[in-house]
Amino acid sequence: MCGRYSIILEEESLTRAFHAQLSQDIPPHYNAAPGQSLPVITNEKTSQVQLFRWGFIPQWAKEENVGYKMINARLDGIEEKTSFKKAFQSQHCLVLANSFFEWKQSSSGKNGKTPYLIKPKDQSLFAMAGIWNRWTNYTTGEEISSFAIITTEANELMGSIHERMPVILSSEQAAGWINSSLSIDKQKALLTQYDSEQMEAYEVTREVNKAYNDYPQLLEPLGDSIRIQTGSVS
DNA sequence: CCAGACGTTGTT
DNA sequence: GTCTGG
DNA sequence: CCAGACGTTGTT
DNA sequence: GTCTGG
């Protein structure tokens, strides 16, 4: 799954990869967590980065905390899910990221879980496929826009760490995902499993476990950690 | 019909 | 165990 | 995702 | 709101 990631937005790479603008200052997130306002690009406004809350709040929700249970949406079966159906048809977004974290359960059961950082080898900024929703709290009138990250089966590289991973899009796939003039069938075909050969992963400090820790050192390889790439360990 | 769920991951 | 909050 | 709380009343 | 289950 994907329950934590990093995003430090730079205007230049944003423009180059996604042809979108920043309309406000967006603080760096070295340790983005569910419940926070994070940068996305939606199909409704493809030229602007907006801040949406991570944790999809469905139409039927009576209160916003429902969103904490819906930080991810499984691609498999998503069209049959009451909560996600409508958004999967017409409310797509790109969740901007530089890397994401996954925790590997130690085989012995001892030492608990070890956090890893995973990212594409080549591009520093990438998009994860997301769905969004706009929800109104009828008690307070407050309107909240929220999103979930679509997940799929782990590829070879990810498999050694965790069973699931986010759907990662190339910039061409990303453009199609938020292009509402494409048919849903064509858009669905864009949601492919990212190539294992193009990714790398390494162990990071357990300081990342605490969501209130948010600084650049969280992204550094742990001193004696191994770097994982498909077919080789270096 | 009404009532109750509506989600994911991992662990047991 | 289960829920909330970051 | 992980961490941390999980409760009430009354008094300061 | 909408679907599933009784």
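Below, read A as the first sequence line, B as the second, and so on, with proteins coming before strands; counting in each chain starts at 1.
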Need one value for A/P34: base, sugar-phosphate or nothing, where a base atom within 4.0 Å counts as base even if backbone is also close, heavy atoms only. base
Touch class at under 4.0 angstrom, heavy-atom based, for A/A73 against every strand present: sugar-phosphate
What is the 5' to 3' range of DNA chain E, first to last nucleotide, that sits under 4.0 Å from any heavy atom of chain A? E/dG1 to E/dC3
Have a look at A/F56 and say if it touches a base, only the backbone sugar-phosphate, or nothing, with a 4.0 Å heavy-atom cut-off. nothing
Taking the side chain from A/N213 and the backbone from A/V208, do they hold a donor-acceptor pair closer than 3.5 Å? no
Say whether A/S183 and A/D185, considering side chains only, have a donor N or O and an acceptor N or O under 3.5 Å apart. no
Any side-chain donor near an acceptor of the partner, A/W132 and A/N43, under 3.5 Å: yes
Can you run through DNA chain D from 5' to 3' and write each base as (, ), [, ], | or . depending on how it pairs? Watson-Crick or G-U wobble, both distances under 3.5 Å. ||||||......
B/dT8 to E/dG5 separation - P atoms, rounded to the nearest Å: 16 Å
Rounded to whole Å, OH of A/Y5 lies from P of D/dC2 at a distance of 17 Å
Hydrophobic cluster identity match, A/I7 and A/L51, side-chain contacts under 4.5 Å: yes
C/dG6 versus B/dA5 - spacing of their P atoms, nearest Å: 27 Å
What is the distance, rounded to the nearest whole Å, between atom NZ of A/K69 and atom P of B/dT9? 16 Å
Using whole Å, what does the distance between atom C1' of nucleotide B/dT9 and atom NZ of A/K104 come to? 16 Å
No-hydrogen, no-angle side-chain donor-acceptor test under 3.5 Å, A/Q59 and A/N133: yes
Can you check the distance between E/dT4 and B/dG7, where both ends of the measurement are the C1' atom (answer in whole Å)? 15 Å
Using only heavy-atom distances, determine whether the side chains of A/Q173 and A/T192 contain a donor-acceptor pair under 3.5 Å. yes
Please report, rounded to the nearest Å, how far the C1' atom of D/dC1 is from the OH atom of A/Y116. 16 Å
Spell out, yes or no, whether A/L75 and A/M199 are grouped together once hydrophobic residues are joined by side-chain heavy atoms under 4.5 Å, including indirect joins. yes
Under 3.5 Å donor-acceptor, A/N137 side chain and A/E143 backbone: no
Polar side chain donor-acceptor pair, A/T152 to A/Q193, under 3.5 angstrom: no
So what does A/S83 hit on the nucleic acid, given a heavy-atom distance under 4.0 Å: a base, only sugar-phosphate, or nothing? sugar-phosphate
Euclidean distance, atom CD1 of residue A/I78 to atom C1' of B/dT9 [Å, nearest integer]: 16 Å
Rounding to an integer number of angstrom, what distance separates D/dT9 and B/dC2 when you compare their C1' atoms? 41 Å
So that I know where these two stand, are A/W54 and A/Y5 an aromatic pair - ring centroids less than 6.0 Å apart? yes
May I ask you to evaluate whether A/R74 reaches the phosphate of B/dT8, defined as a side-chain N or O under 4.0 Å from OP1 or OP2? no
Measure the distance from CH2 on A/W103 to C1' on B/dT8 and round it to the nearest whole Å. 15 Å
Could you go through nucleotides 3-7 of chain D and list every protein N or O atom that sits under 3.5 Å from one of its N or O atoms, giving the distance for each pair?
unit_1 : atom_1 : unit_2 : atom_2 : d
D/dA3  : OP1    : A/N209 : ND2    : 3.3

May I ask you to say what A/K81 touches in the nucleic acid, namely base, sugar-phosphate or nothing, with a heavy-atom cut-off under 4.0 Å? sugar-phosphate
A/W135 and A/S145: side chain donor to acceptor below 3.5 Å: no
Taking the six-membered ring where the residue is Trp, are the ring centres of A/F56 and A/F147 under 6.0 Å apart? no
With sugar-phosphate meaning primed atoms plus P, OP1 and OP2, does A/E80 contact a base, only sugar-phosphate, or nothing at under 4.0 Å between heavy atoms? nothing
Could you tell me how far apart A/I161 (CD1) and B/dG10 (P) are, to the nearest whole angstrom? 12 Å
Which value, in whole Å, describes the distance between the P atoms of nucleotides D/dA3 and B/dG10? 16 Å
Between A/T151 and A/R164, a side-chain donor and acceptor under 3.5 Å: yes
What's the CD-P distance between A/E153 and B/dG10, to the nearest Å? 12 Å
